[in-house]
Undergrad: 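I'd like to ask some things about the structure below.
Chain letters run A, B, ... following the sequence lines, proteins first, then strands; residues in each count from 1. No hydrogens, no waters, no symmetry mates; every other heavy atom, side chains included, goes into these values.
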Protein chains: 2
Amino acid sequence: MARAATTSDVFNAIAEPRRRQILDLLARRGEQGVGELVGAMRIGQPAVSKHLGVLRRVRIVSVSRRGRRRVYRLNAKELKPVHDWVKGYEQFWSHQINRIKARAEQKAREQDQPTSEK
Amino acid sequence: MARAATTSDVFNAIAEPRRRQILDLLARRGEQGVGELVGAMRIGQPAVSKHLGVLRRVRIVSVSRRGRRRVYRLNAKELKPVHDWVKGYEQFWSHQINRIKARAEQKAREQDQPTSEK
DNA sequence: TCATAATATTCCTATAACGGAATGAATCAA
DNA sequence: TTGATTCATTCCGTTATAGGAATATTATGA
């Protein structure tokens, strides 16, 4: 096999710096037309449109036609899976106490698996 | 230009499902040798080693030689940038009240920028 | 209808990077 | 030493983009 499918899930969608930039722009400015995004972004309109296409496919943004413009809006709740995933690791860096606790849990799990996996 | 450099930042590192799987394994089981990870992962040893290489480059994991084994350990605090970034969007989906507040802020920012960007 | 504006889509090129096979390197055991 | 273990690296083929240029599409206005 070769490269795994990518642009179809949220984690990959936000892996691209420009796509994060787009999200940040939408978060700060609210709804934006494509042209406004292009104006703020050093890359051409087709590139922006394609990134918006990716974000749309994973539902992080939504569009609505307004005359001949397409206004994009943030749909941030689709980022929740990312938030939830990374939150599971928060304990490892937050407070020292939690870190100790987390390590203790690790140790416990290690003991459950007597070296494991052949 | 072509595809942007990727493997050099955390967001891209965690975009790969198998790399997330590796992180999850390390989180649940604690330190693991390469062989143990391979045993839990449907892909060959070279592939696992390469993924570990990526995770190592972005410092999400660290290695220590132990005899002829290489034991990998989670260094989750490197995930903090991701956590911080996505946390900025939490307000958009958490409580309705916050959503309203967030929208109000958006509106305010929109007014600061009279259509903007040409 | 025709021209223009605003976007999306298609075509193209360069490059990134998964994964497997083969190989290299280091370490331990006998 | 020799052989086996445990990983990392290299080489290779395949696929997936990112972005630009050109083009298609849709809506507005005259």
Side-chain angles (χ1 to χ4, degrees), chain A residues 1-23 25-26 31-58 61-73 115-118, chain B residues 1-23 25-26 31-58 61-73 115-118:
Chain A
M1 254 150 263
R3 177 175 238 189
T6 121
T7 310
S8 39
D9 84 303
V10 186
F11 283 91
N12 258 291
I14 64 167
E16 240 290 323
R18 278 105 192 176
R19 287 197 284 262
R20 286 200 303 276
Q21 189 183 354
I22 288 176
L23 296 180
L25 284 167
L26 292 178
E31 304 180 330
Q32 294 272 293
V34 177
E36 295 162 303
L37 294 172
V38 171
M41 287 192 68
R42 302 282 179 103
I43 56 178
Q45 172 264 310
V48 173
S49 279
K50 284 173 218 168
H51 283 307
L52 286 170
V54 173
L55 295 173
R56 209 174 32 194
R57 241 168 287 149
V58 300
V61 303
S62 59
V63 216
S64 51
R65 304 169 114 99
R66 248 178 237 178
R68 49 185 155 184
R69 306 184 53 208
R70 312 256 176 138
V71 178
Y72 282 83
R73 196 181 329 139
T115 309
S116 78
E117 240 60 36
K118 65 129 183 318
Chain B
M1 254 151 263
R3 179 176 236 186
T6 121
T7 312
S8 39
D9 84 303
V10 185
F11 283 91
N12 259 288
I14 64 166
E16 240 289 323
R18 279 111 193 169
R19 287 197 283 262
R20 286 201 301 278
Q21 189 183 355
I22 288 175
L23 296 180
L25 285 168
L26 292 177
E31 305 179 331
Q32 294 273 293
V34 177
E36 294 162 303
L37 294 172
V38 172
M41 287 191 68
R42 303 282 179 104
I43 56 179
Q45 172 264 311
V48 173
S49 280
K50 284 173 217 169
H51 283 308
L52 286 169
V54 173
L55 295 173
R56 208 174 34 195
R57 243 168 284 148
V58 300
V61 303
S62 59
V63 216
S64 50
R65 304 169 114 98
R66 248 178 238 177
R68 51 185 152 180
R69 307 185 51 207
R70 313 254 176 139
V71 178
Y72 281 82
R73 196 179 330 137
T115 310
S116 78
E117 243 54 42
K118 69 132 175 317

Undergrad: Expressed in angstrom and rounded to an integer, what is the separation of B:Asn12 atom CG from D:dT17 atom P?
TA: 11 Å
Undergrad: Among residues at least two apart in sequence or on other chains, which ones pass side chain to side chain donor-acceptor pair (under 3.5 Å) with A:Arg70?
TA: none
Undergrad: Let me know the distance between CG of A:Leu37 and C1' of D:dG19, rounded to the nearest Å.
TA: 17 Å
Undergrad: Both A:Pro46 and B:Val48 contact DNA chain D. Taking the nearest nucleotide for each, which residue is further toward the 5' end?
TA: B:Val48
Undergrad: Determine: side-chain N/O of A:His51 to OP1/OP2 of D:dG19, distance under 4.0 Å, yes or no.
TA: yes
Undergrad: I'd like to check the side chain to side chain donor-acceptor pair (under 3.5 Å) partners of A:Ser62; sequence neighbours left out, ordered by chain and number.
TA: none
Undergrad: B:Ala47: which residues meet the side-chain contact (heavy atoms from CB on, under 4.5 Å) condition with it, sequence neighbours left out?
TA: B:Ile43
Undergrad: Could you check which of D:dA8, C:dC18, C:dA8 has an atom nearest any side-chain atom of A:Arg56?
TA: C:dA8
Undergrad: Quick one: is B:Tyr72 getting a side-chain N or O under 4.0 Å of the D:dT6 phosphate, OP1 or OP2?
TA: no
Undergrad: Regarding B:Arg69 and B:Glu31, does a basic nitrogen lie under 4.0 Å from an acidic carboxylate oxygen?
TA: no
Undergrad: Would you mind reading off the distance between B:Leu55 atom CG and D:dA8 atom P, rounded to a whole angstrom?
TA: 12 Å
Undergrad: Round to a whole Å and report the spacing from CZ of B:Arg19 to C1' of C:dC18.
TA: 9 Å
Undergrad: How does protein contact run along nucleotides 24-30 of chain D, one letter per nucleotide 5' to 3', with B for base contact, S for sugar-phosphate only, - for none, heavy atoms under 4.0 Å?
TA: ---BB--
Undergrad: What residues, two or more places apart in sequence or in another chain, satisfy side chain to side chain donor-acceptor pair (under 3.5 Å) together with A:Arg56?
TA: A:Tyr72
Undergrad: Which whole-number value in Å describes the distance from A:Arg57 CZ to D:dT17 C1'?
TA: 11 Å
Undergrad: Considering only D:dG20, D:dT9, C:dT9, which nucleotide approaches the side chain of A:Ala47 most closely?
TA: D:dG20
Undergrad: Find the distance A:Leu52:CG to D:dG19:C1' and express it as a whole number of Å.
TA: 14 Å
Undergrad: So, is B:Arg18 near the phosphate of C:dG19, with a side-chain N or O under 4.0 Å from OP1 or OP2?
TA: yes
Undergrad: Side chain of A:Glu16, heavy atoms from C-beta onward: which of D:dA18, D:dT6, C:dG19 has the nearest atom to it?
TA: D:dA18
Undergrad: Side chain to side chain donor-acceptor pair (under 3.5 Å) with A:Arg42: which residues, sequence neighbours excluded?
TA: none
Undergrad: Measure the CD-CG distance between A:Gln45 and A:Leu52 for me, rounded to the nearest 0.5 Å.
TA: 9.5 Å
Undergrad: What is the separation between atom NZ on A:Lys50 and atom P on D:dA21, rounded to the nearest whole Å?
TA: 11 Å
Undergrad: Given the structure, check if the side chain of B:Gln45 and the base of D:dA8 hold any donor-acceptor pair shorter than 3.5 Å.
TA: yes
Undergrad: Send over the distance from A:Ile14 CD1 to D:dA18 P, rounded to a whole Å.
TA: 14 Å
